[in-house]
Amino acid sequence: MRFTRRSMLGATALSVSMAALAACTQDPGTGGGGGGASDGGGEGPIAADANDINPKSREEMGEGGVLRLANNAFPANWNGNHTDGNEGNTSEILNAIMPSLTVNDAAGVVTANPQVTKRIELTSEDPQVMEIELNEGMAWSDGTPINYQSIANVFETMNGSKEGYAIASSTGYDQVEKIEQGANDLTAVITFKTKFADWIGLAGVMPDSLVASADAFNSSWAAEPLVTAGPYKIGKIDAANKTVLLEQDPNWWGDKPFLDQVLFTTIEDPAATATAFQNGQLDVIETSVPATYSVVEPMIGQGATLRTSAGPNWTHITLNGAEGRPLADQAVRQAIFRAIDRHEVFLSVNATMPYPKDTKPLNNHLLMTNQEGYQDNAGDLGTYDPEAAKKLLTDAGYTMEGDKATKDGKAIEITYVYNDGSKTNEAVVPVVQEQLAAVGITMKVQKVPPTDLFSKYVIPGDFDLTLFGWLGTPMLSSGDSIWTTGGEQNFGKIGDEATDALIAEAAVETDKTKRLETINKIDANLWTLAGTIPLWQQYDFFVQNDDLANYGSKGFASIDWTLVGYVKGSAKLEG
């Protein structure tokens with residue numbers, strides 16, 4: 001499976017190559033879950049503010065060593081603000097080589113990153129005005145100062161006004177009336193047209209060269225990031241072998257990082273990833289499926305530690321309701337919702353994984369089960385009932401001819417697209433295929449290269465069903481572009497005016513209680529629209545070297561790459 005990242009105000013998807021994509025980020029399928037008992041699970045859900053990264057102070061850390069990590073898809077574009085670059089694997093690498101103006105803690109509280117940002121604050125409530133002041137002495141690797149213009153590049157590009165720029169999401173940026181230089185060339189003053197509750201999540205910087213033209217934005221970073229500014233820099237990108245080597249950046253102005261190098265290797269086959277960890281070729285493995293967990297579980301307690309958290313990431317099936325596609329008919333989509341047994345789907349992937357016992361399926365598109373305000377809005381559409389699915393089809397004018405549902409002589413045939421090597425999808429496909437066949441819907445299966453899943457299939461809309469994950473953020477508006485009609489991350493092209501109005505209402509509501517009420521109204525509408533089937537909240541399972549600190553199962557927190565490394569005295573410090 002693959003996950004897609006929700007950028008702070010855009011989502012990110014995750015590919016499902018290992019198991020299982022905006023202000024969310026995509027993940028193609030490494031998924032983990034939340035809907036059934038397991039052999040090793042605990043007795044209850046993990047708190048939203050709990051994570052497991054082996055936290056250590058700088059005084060406890062040793063200098064040196066190499067951290068060897070695996071990802072499941074090689075970056076298709078290194079511009080994380082581009083729709084093809086807004087992806088989980090890419091995001092993890094960029095976090096180490098690009099400056100972030102904010103950080104979030106284990107509870108998901110977002111604050112200014114002191115290594116980059118002097119302050120981010122609201123200086124006026126009405127109109128809403130945000131000021132961002134950067135630290136002095138920062139520069140991009142091409143020598144250009146990181147200053148007011150770097151901030152303006154983000155707001156002027158991501159608001160969607162520039163023709164031809166394939167941005168990941170305009171959420172929030174399209175609510176900005178103007179951006180002006182403040183008292184000095186390090187300060188930006190951003191004035192909003194309307195109030196925007198997640199204002200702090202918009203703060204960011206981009207280099208001048210990246211936004212110089214649509215071609216520069218869309219294509220110049222396709223092979224590599226041409227400009228960086230982080231604790232690490234690119235040492236070498238080997239596209240043939242799909243490896244990325246990071247080295248310490250001597251021009252980094254903040255706390256010196258501890259690791260000498262970080263090596264990312266793309267391994268699309270999860271079994272091969274597990275074997276690489278078993279053979280000592282990796283220091284960490286994200287093990288969210290049995291195909292990897294069963295291999296590395298015996299190593300836990302033998303120099304390796306299992307680290308677990310329940311963060312904002314979740315696995316789902318997206319339905320493509322675009323005009324002309326088989327699922328443009330809402331009745332057919334709702335029938336699919338009733339025809340799929342989400343509990344069985346969860347167990348097909350996670351029955352032997354160490355999820356908390358009696359964990360419930362995810363019944364909300366916008367809030368995780370352990371987040372404040374979460375409520376079950378699924379209603380009947382979240383309940384498995386094949387006879388109800390058949391009735392939905394019958395009421396919509398379909399008839400059963402043999403074992404197929406037809407209308408005007410045409411049978412319902414849909415295509416499920418997923419990334420080759422995804423153990424999550426390999427487990428889910430036969431379950432879903434059989435359940436849909438039981439109500440007269442024929443599901444064909446198409447496996448595609450992991451790197452192509454989003455860029456060539458999901459984003460262009462060449463699919464009917466696809467399973468991947470969304471990487472969430474603490475920003476509740478981060479997924480707006482997934483659900484809004486015409487949103488950049490609304491890959492299924494499903495929405496309506498009523499839901500759009502509620503999304504706009506929630507985005508400007510600063511009263512937390514009222515906002516959560518509106519968010520749950522949005523979610524109830526999303527169930528009726530039947531565009532995305534939530535499956536489970538993905539727990540983060542990492543098995544990693546005992547001595548690795550400040551890295552692992554981060555939950556709602558961000559990783560501080562200036563702190564990641566090995567504790568003093570570790571043999572890993574010798575290289």
Got [X] and [Y] here, is their nearest side-chain heavy-atom distance under 4.5 Å?
X      : Y      : value
Phe196 : Leu202 : yes
Asn51  : Phe556 : no
Asp215 : Ser220 : no

Counterpart residues, ring-ring contact (aromatic ring centres under 6.0 Å, His included), relative to Tyr566 (two or more places apart):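 ring-ring contact (aromatic ring centres under 6.0 Å, His included) check on Tyr566 returns nothing, list empty.
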Pairing residues for Trp221 by the ring-ring contact (aromatic ring centres under 6.0 Å, His included) criterion, not counting sequence neighbours: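 None.
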Would [X] and [Y] count as having a side-chain donor-acceptor pair, cut-off 3.5 Å?
X      : Y      : result
Glu488 : Thr83  : no
Thr194 : Gln175 : yes
Glu60  : Ser57  : yes
Asp198 : Ser477 : yes
Asn89  : Asn72  : yes
Ser455 : Asp84  : no

Whether the side chain of [X] engages the backbone of [Y] through a donor-acceptor N/O pair (distance < 3.5 Å, no angle test) should be reported.
X      : Y      : answer
Asp105 : Val109 : yes
Asn81  : Ile167 : no
Ser309 : Gly555 : yes
Thr562 : Pro257 : no
Thr273 : Asp269 : yes

Quick one: salt bridge (charged side-chain N to carboxylate O under 4.0 Å, His left out) partners of [X], sequence neighbours excluded?
X      : answer
Lys56  : none
Lys162 : none
Lys178 : Glu180
Glu372 : Lys512

Sequence neighbours excluded - ring-ring contact (aromatic ring centres under 6.0 Å, His included) pairs with any residue from residues 146-167: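 Every pair satisfying ring-ring contact (aromatic ring centres under 6.0 Å, His included) with a residue in residues 146-167: Phe155-Tyr173, Tyr165-Phe217.
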All pairs passing side chain to side chain donor-acceptor pair (under 3.5 Å) where residues 127-143 contributes a residue, at least two apart: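 Residue pairs with at least one partner in residues 127-143: Arg119-Glu131, Arg119-Glu133, Trp140-Ser150, Asp142-Thr144.
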Pairs touching residues 203-213 that satisfy side chain to side chain donor-acceptor pair (under 3.5 Å), sequence neighbours left out: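 Counting only pairs at least two positions apart or across chains, the side chain to side chain donor-acceptor pair (under 3.5 Å) contacts touching residues 203-213 are Asn153-Asp208.
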Counterpart residues, side chain to side chain contact (heavy atoms under 4.5 Å, CB included), relative to Ala212 (two or more places apart):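 Expected list: none.
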Mutual orientation of the aromatic rings belonging to Tyr551 and Trp561 [parallel < 30°, tilted 30-60°, perpendicular > 60°]: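 Tyr551 vs Trp561 ring planes: tilted.
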Phe541 and Tyr539 aromatic ring geometry - parallel, tilted or perpendicular at 30°/60° bounds: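 Plane angle between 30° and 60°, so tilted.
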Considering only distance and modelled atom types, tabulate donor-acceptor pairs under 3.5 Å from the side chains of residues 232-240, sequence neighbours left out.
from, atom 1, to, atom 2, distance (Å)
Tyr232, OH, Leu259, N, 3.3
Tyr232, OH, Leu259, O, 3.4
Asp238, OD1, Ala240, N, 3.2
Asp238, OD1, Asn241, N, 3.1
Asp238, OD2, Asn241, ND2, 2.7

Straight-line distance of Thr187 OG1 to Asn147 CG, nearest 0.5 Å: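 Answer rounded to 0.5 Å: 10.5 Å.
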Ser169 OG to Asn490 CG distance, which is reported to the nearest 0.5 Å: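 Taking OG in Ser169 and CG in Asn490, the distance rounds to 11.5 Å.
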Verdict with reasoning, Glu87 to Thr90, per side chain to side chain donor-acceptor pair (under 3.5 Å): CA-CA 6 Å; Glu87 181 273 333; Thr90 307; 3.0 Å; yes
Pairs where residues 536-555 contributes a residue and the test salt bridge (charged side-chain N to carboxylate O under 4.0 Å, His left out) is met, not counting sequence neighbours: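 Applying salt bridge (charged side-chain N to carboxylate O under 4.0 Å, His left out) to every pair that reaches into residues 536-555, excluding sequence neighbours, yields nothing.
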